[in-house]
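To start, the structure under review is shown below, and the notes come after it.
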Amino acid sequence: RPAQMWYVAAGKAGCQTKATSVVMRTATDPTGRIVDTRWSNPAATDLQIPGYAIWHIKARWIPSKQEYWMIISAFPRNVDGCQTDDLFFAKSSDGLHWTTYSEPIMRHEDREWTASAVYRSSFLYDDKTDVLSLWISARGTDGAWHLGFARAHYEQLSSRLALGQRVTARPIATFTASSNKQGEQP
């Protein structure tokens with residue numbers, strides 16, 4: 001399987017953009033090498049979350065599901081730009097056509113440590129236990145950056161998302177970064 005990558009095209013407005021798109025590129029080297037390889041021309045995906053602008057993404061191939069999964073930091077259009085991001089989940093069999101859900105897997109306003117924004121996050125999936133582990137970075141009401149860790153059983157999460165039910169991630173642990181200034185990234 002050749003290496004693939006996705007990125008967010010936000011234009012010159014950056015964090016204040018009203019619309020973004022997600023683009024995919026595929027390595028032309030079939031060995032999957034990334035260094036010193038050539039990449040295909042950008043291919044537009046259909047990845048959209050209605051009412052939101054996608055800001056940060058993390059994608060992985062999940063071999064046991066034969067799908068790409070992505071967690072997405074996105075902010076409501078026409079509000080505060082990337083100051084109020086929520087965290088969403090999406091999946092795809094080909095990397096171009098995505099299934100998204102109207103409900104985020106974590107809302108910024110659900111807890112103090114994420115109240116300003118859920119920022120870049122990452123995940124791993126354990127197919128033996130069906131557990132999705134999430135590392136969530138966020139800025140809280142105190143202006144400090146925090147890191148949280150949460151787990152969810154994928155089948156339960158997937159069922160709730162498919163039914164449009166609200167999901168409330170309950171982090172197992174959170175950590176606060178020290179910085180010199182309020183709001184400064186560590």
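Bear in mind the structure is a predicted one, so any value in this text is a computation, not a measurement.
- Contact of the Phe89 side chain with the Ile72 side chain is not registered, since no non-hydrogen atoms from C-beta on lie closer than 4.5 Å.
- Within the 3.5 Å criterion, the main-chain N or O of Ala115 finds no donor-acceptor partner in the side chain of Thr141.
- The pair Glu112-Arg139 fails the salt-bridge criterion, with no side-chain N (NZ, NE, NH1 or NH2) lying under 4.0 Å from an Asp/Glu carboxylate O.
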Checklist entry - Given the rule in the side chain to side chain contact (heavy atoms under 4.5 Å, CB included) test, do Ile62 and Asp127 qualify, once you have shown the distances and angles that lead to the verdict? => result CA-CA 9 Å; Ile62 308 299; Asp127 63 342; 6.0 Å; no
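- Under the 3.5 Å distance criterion, with hydrogens and angles disregarded, a donor-acceptor pair is assigned to the side chains of His108 and Asp86.
- Each of Ile49 and Trp55 belongs to its own hydrophobic cluster when Ile, Leu, Val, Met, Phe, Trp and Tyr are linked at side-chain heavy-atom distances under 4.5 angstrom.
- Side-chain N or O atoms of Arg166 include none that pairs as donor or acceptor with a backbone N or O of Pro104 at under 3.5 Å.
- Rounded to the nearest 0.5 angstrom, Leu132 CG and Leu134 CG are separated by 4.5 Å.
- When the side chains of ILVMFWY residues are joined at heavy-atom separations under 4.5 Å, either directly or via intervening members, Ile54 and Ile71 end up in two distinct hydrophobic clusters.
- Pro42 and Val23 make their closest contact through CB-CG1, 3.2 Å (heavy atoms, listed as atom of the first residue, atom of the second, distance).
- Using a 3.5 Å distance cut-off with no hydrogens or angles, the side chains of Tyr125 and Asp130 do pair a donor with an acceptor.
- If you take CH2 on Trp69 and CH2 on Trp98, they are separated by 11.5 Å, rounding to the nearest 0.5 Å.
- Inter-residue side-chain proximity for Ser121 and Tyr119 is flagged as unmet; no heavy-atom pair is nearer than 4.5 Å.
- No side-chain heavy atom of Tyr52 sits less than 4.5 Å from a side-chain heavy atom of Asp85.
- Side-chain contact between Lys91 and Ser158: present, with at least one pair of heavy atoms (C-beta onward) separated by less than 4.5 Å.
- Taking all atoms of both residues into account, the shortest heavy-atom contact from Ala53 to Thr20 is C-OG1, 3.8 Å.
- Closest non-hydrogen pair, Arg60 versus Phe123, comes out as NE-O, 2.5 Å.
- Remark: Arg25 is not positioned above the aromatic ring of Tyr7, lacking an NZ or CZ atom under 6.0 angstrom from the ring centre and at most 45 degrees off the axis.
- Hydrophobic cluster membership differs between Leu47 and Leu87, with clusters built from Ile, Leu, Val, Met, Phe, Trp and Tyr side chains linked at under 4.5 angstrom.
- A pairwise comparison of heavy atoms in Arg160 and Val167 identifies CB-CG2, 4.2 Å as the closest pair.
- Hydrophobic clustering of Ile, Leu, Val, Met, Phe, Trp and Tyr side chains at less than 4.5 Å, counting indirect connections, unites Leu96 with Val8.
- A donor-acceptor pair under 3.5 Å is formed between the side chain of Ser92 and the backbone N or O of His97.
- Of all heavy-atom pairs spanning Met106 and Ile136, the tightest one is SD-CG2, 3.7 Å.
- Heavy atoms only, all atoms of each residue included: Val118 and Ala138 are closest at CA-CB, 4.1 Å.
- The distance from the OG atom of Ser159 to the CD atom of Gln165 is 8.5 Å, given to the nearest 0.5 Å.
- Here the CG-OG distance, from Leu147 to Ser122, works out to 10.5 Å after rounding to the nearest 0.5 Å.
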